[in-house]
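By convention in this document, chain letters (A, B, ...) are assigned in the order of the sequence lines, proteins followed by strands, and residues within each chain are numbered from 1. Model, not experiment: these values are computed from the prediction.
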Number of protein chains: 2
Amino acid sequence: MTVGRVTIRDVAERAGVSTATVSRALSGAKPVSPAVLEQVTRAATDLGYSGNGIASALRRSRTDTVGMVVPSIANPFFTALVESVEHALQQAGRQLFLCSSRSDPAMEALRLRSLVARQVDGIVISPVHGTLSTEAVAWAAGQLPLVQVDRYVSGVTSDWVGVDDDAALRLVLDHLAGRGVRSAAFVSSTLTNSSTELRVAGFTAHTGRLGIDVAEVLLGDYSIDWGREATRRMLAAGPLPDAVVCADDLIALGVLQACAEAGVSVPRDVLVTGFDDIPYSALSDPPLTTVRQPQDEIAVEAVRLLSAALGTSRDSPAYTALTPSLVVRASTGGGSTRPR
Amino acid sequence: MTVGRVTIRDVAERAGVSTATVSRALSGAKPVSPAVLEQVTRAATDLGYSGNGIASALRRSRTDTVGMVVPSIANPFFTALVESVEHALQQAGRQLFLCSSRSDPAMEALRLRSLVARQVDGIVISPVHGTLSTEAVAWAAGQLPLVQVDRYVSGVTSDWVGVDDDAALRLVLDHLAGRGVRSAAFVSSTLTNSSTELRVAGFTAHTGRLGIDVAEVLLGDYSIDWGREATRRMLAAGPLPDAVVCADDLIALGVLQACAEAGVSVPRDVLVTGFDDIPYSALSDPPLTTVRQPQDEIAVEAVRLLSAALGTSRDSPAYTALTPSLVVRASTGGGSTRPR
DNA sequence: ACCATCCGTGTAATCGATTGCCTTGACGTG
DNA sequence: CACGTCAAGGCAATCGATTACACGGATGGT
């Protein structure tokens with residue numbers, strides 16, 4: 001019904017004071033007499049005044065809002081991360097403006113541009129691509145404080161906080177080796193961002209160290225469909241290796257589904273592992289062994305870094321790799337049961 | 001690095017024209033001579049000018065942004081809906097500002113207040129609660145165009161688009177009756193919003209019509225945990241009914257997990273159904289029979305209604321209930337296999 | 001040749017809140 | 001009693017972009 005916005009001027013008029021006083025009374029920036037405070041407060045509520053955040057933001061050149069850009073909000077790992085970040089920001093009295101880049105560097109650049117134009121106070125981003133994202137991310141980082149989470153792009157001076165991917169794959173492959181695995185395939189994404197690359201590198205390094213045969217490395221995208229598709233290809237090409245290691249849980253869930261369809265038993269015929277520990281990985285058939293990321297800590301640390309950057313000038317960038325842990329479930333034979 | 005923002009004035013100076021001309025050249029609001037356009041464009045890119053969306057929004061009193069408030073972004077149904085809405089908005093050249101109310105009416109009111117203060121052009125909301133959400137939603141609807149999706153609150157004059165919950169429960173219960181079910185329990189949420197209430201009502205009505213015995217109606221929240229908990233309670237109280245009907249897929253996934261833990265076989269001992277058809281419902285053990293919501297259509301229709309409301313003055317509100325469909329999987333015995 | 005248009009551009013008001021600076025009056029002190 | 005100090009509150013500039021209005025010059029119709 002848009003009742004012709006109530007402005008601070010209306011409130012001032014009704015309270016019989018100046019707009020300056022209204023502003024000070026409502027924001028508490030400077031003290032006002034109790035009587036005036038009462039008047040103003042009453043006038044404001046009477047009129048249903050809610051302020052104009054835009055005008056306020058223009059004048060103060062801050063919005064108390066931070067923007068966050070993630071590749072996908074359909075991926076439970078990112079939604080969990082977003083919730084954690086939102087929660088951490090709330091503690092700091094800030095709000096979150098969430099955008100999805102849909103794993104597309106062009107869309108990502110658009111989102112960043114728009115966030116900067118909207119004068120958010122800072123940005124939290126999990127960049128799509130290791131090189132295609134660089135330009136936009138670097139530009140944004142030059143305009144305002146920016147923290148990369150989970151993944152990072154090379155060539156940008158900014159903070160980063162994520163998980164130690166090498167340690168994660170060490171956990172996975174040590175576990176698999178302990179279960180007698182002699183050959184393994186890796187299913188991941190073609191995206192060449194840091195975490196994707198570090199996971200492949202970790203897979204290669206640790207299979208090498210343990211003398212595990214690398215059957216195949218298949219690259220597609222982070223989705224259930226790709227996990228299914230990759231499995232079908234492997235099955236068509238011949239017998240599966242002892243284990244299939246996946247770069248995230250969605251892929252792994254797809255692998256499990258394709259195995260079930262093909263009558264391949266997990267974990268009897270093949271072991272499968274995921275990455276992220278999304279809620280659904282405990283509910284699959286069989287439940288999935290996976291790497292748990294400390295996403296709450298990642299979020300808290302990211303917000304801390306951002307707040308620091310908002311205050312003072314830029315320090316040297318911080319690279320924080322947190323330690324992951326392994327959650328063992330039935331897809332690799334279960335906790336202590338079914339030793340291979 | 002914050003290089004002291006580049007303003008339109010800087011661009012104007014460098015291009016040797018007035019700010020008015022720069023504005024017109026860059027926005028294309030009015031034609032400028034080719035020579036000047038060239039000059040301005042060059043100056044803008046040289047300086048890395050990106051505009052100040054805040055100032056622009058203040059002057060034009062529109063932001064080309066719509067806000068969306070959902071109860072949870074951890075629920076895949078809502079993330080799918082959000083993605084659909086975002087996509088539909090993109091077609092219309094608008095952006096999405098996403099907020100989560102965490103199923104808390106107070107938080108929801110806060111979000112709405114903040115969206116209005118930020119001058120979004122319109123709001124898409126799936127309200128948390130049937131009565132506790134009313135005040136805030138009604139207030140927001142009075143300030144700007146607002147469309148409710150999926151659920152609605154009573155007493156607010158606004159458009160709504162969602163699914164026909166009664167038809168959905170008819171589909172579910174007809175299907176279960178066809179499988180020989182004589183008794184059923186319903187597991188849902190305590191939230192008294194429209195869809196929750198209509199689903200309970202539908203369950204009651206159609207069990208009555210079909211002569212199915214209502215074993216129990218358990219109310220908690222929309223989560224895997226609650227599904228698990230509810231199942232444990234039922235198991236503790238005695239034998240399960242022939243079927244457990246759940247108000248959403250998360251609850252149903254919890255039910256399946258608790259059954260598996262307790263050694264109760266689905267679908268041999270009990271049939272289980274969900275609601276929403278989230279991606280993970282196809283991957284559970286066993287895969288879940290569920291109601292598919294046409295969320296793409298819901299999103300498109302919501303955006304259409306919003307765009308209409310943005311243009312002209314308010315018409316009489318539209319209530320659009322779209323038709324759901326049933327996806328039959330193994331948790332009720334599968335498509336045509338395993339007849340009971 | 002004259003007047004009506006129209007196009008491109010500049011000037012300045014405007015959006016609504018915040019805030020530096022100043023005025024006013026009350027109070028305390030020497 | 002005169003003067004310094006201080007708190008409360010008003011005035012007006014300001015944030016940066018948009019746009020109504022004005023203006024000069026070119027074009028075209030008669």
Side-chain angles (χ1 to χ4, degrees), chain A residues 2-41 43-44 47-65 113-114 116-121 143, chain B residues 2-41 43-44 47-65 113-114 116-121 143:
Chain A
T2 318
V3 277
R5 296 276 190 205
V6 180
T7 74
I8 199 173
R9 210 172 304 272
D10 302 322
V11 177
E13 208 164 303
R14 183 174 241 257
V17 297
S18 74
T19 62
T21 301
V22 174
S23 174
R24 294 196 266 251
L26 295 179
S27 73
K30 276 197 171 186
V32 296
S33 72
V36 170
L37 177 58
E38 160 67 17
Q39 289 260 317
V40 171
T41 313
L47 296 171
Y49 175 70
S50 65
N52 184 323
I54 297 290
S56 168
L58 176 60
R59 180 60 229 248
R60 302 191 308 146
S61 62
R62 45 178 298 192
T63 50
D64 293 322
T65 299
R113 212 156 255 291
S114 141
V116 170
R118 274 193 171 57
Q119 308 260 95
V120 295
D121 295 342
Q143 303 289 115
Chain B
T2 318
V3 276
R5 296 271 189 213
V6 180
T7 74
I8 200 173
R9 210 171 304 270
D10 302 323
V11 177
E13 207 164 302
R14 183 173 240 256
V17 296
S18 73
T19 61
T21 302
V22 174
S23 175
R24 294 194 268 251
L26 295 179
S27 73
K30 277 197 171 186
V32 296
S33 72
V36 170
L37 177 58
E38 160 67 15
Q39 290 260 317
V40 171
T41 313
L47 296 171
Y49 174 71
S50 65
N52 183 324
I54 297 289
S56 168
L58 175 59
R59 179 62 230 249
R60 302 191 308 147
S61 61
R62 44 179 298 194
T63 50
D64 293 323
T65 299
R113 211 154 255 290
S114 143
V116 170
R118 272 192 173 55
Q119 308 262 93
V120 295
D121 295 341
Q143 304 288 115

(request) Look at all strands and tell whether A:G51 reaches a base, only sugar-phosphate, or nothing, counting heavy atoms closer than 4.0 Å. (result) sugar-phosphate
(message) I want to check one thing: is the phosphate of C:dA17, taken as OP1 and OP2, less than 4.0 Å away from some side-chain N or O of A:T19?
(response) no
(request) Between D:dG9, C:dT19, D:dG16, spot the one nearest the side chain of A:L58, thanks. (result) D:dG16
(request) Kindly calculate the angle separating the two end axes of the helix from C:dA1-D:dT30 to C:dG30-D:dC1, each obtained from five base pairs, and round it to 10 degrees. (result) 40°
(message) Using a 4.0 Å heavy-atom cut-off, does B:V22 contact any base of the nucleic acid, only the sugar-phosphate backbone, or nothing at all?
(response) nothing
(request) Would you tell me if any nitrogen or oxygen in the side chain of B:S33 comes within less than 4.0 Å of OP1 or OP2 on C:dT9? (result) yes
(message) Using 0.5 Å steps for rounding, measure from the OG1 atom of A:T19 to the CG atom of A:D10.
(response) 11.5 Å
(message) Let me spell it out: for each of B:N52 and B:K30, pick the nucleotide of DNA chain D with the closest heavy atom. Which residue's pick is nearer the 5' end?
(response) B:N52
(message) Let me confirm one number: the CZ-CD distance from B:R14 to B:Q39, rounded to the nearest 0.5 Å.
(response) 10.5 Å
(message) Please tell me if B:T21 has a side-chain N or O lying less than 4.0 Å from either OP1 or OP2 of C:dG10.
(response) yes
(request) Determine: side-chain N/O of A:S56 to OP1/OP2 of C:dA17, distance under 4.0 Å, yes or no. (result) no
(request) May I ask you to verify if any side-chain N or O of B:S18 is less than 4.0 angstrom from the OP1 or OP2 atom of C:dT9? (result) no
(request) Establish whether the base of D:dT18 is bridged to the side chain of B:R60 by a donor-acceptor pair shorter than 3.5 Å. (result) no
(request) Report the distance from atom CG of A:L58 to atom OG1 of A:T63, rounding to the nearest 0.5 Å. (result) 12.0 Å
(message) Nearest 0.5 angstrom please: B:R118 CZ to A:N52 CG, how far?
(response) 11.0 Å
(message) I'd like to know if A:R24 reaches the base of D:dG10 with its side chain such that a donor and an acceptor end up less than 3.5 angstrom apart.
(response) yes
(request) Between A:A20 and A:P31, name the one whose nearest nucleotide on DNA chain D is closer to the 5' end. (result) A:P31
(request) Measure the CZ-OG distance between A:R5 and B:S61 for me, rounded to the nearest 0.5 Å. (result) 8.5 Å
(message) With a 4.0 Å limit, can you tell me whether A:Y49 has a side-chain N or O closer than that to the phosphate oxygens OP1/OP2 of C:dA17?
(response) yes
(message) Starting the side chain at C-beta, find the nucleotide from C:dG16, D:dG16, D:dG10 nearest to B:T7.
(response) D:dG16
(request) Determine the sole option in A:T41, A:T7, A:V40 for which the side-chain contact (heavy atoms from CB on, under 4.5 Å) test with A:V22 is passed. (result) A:V40
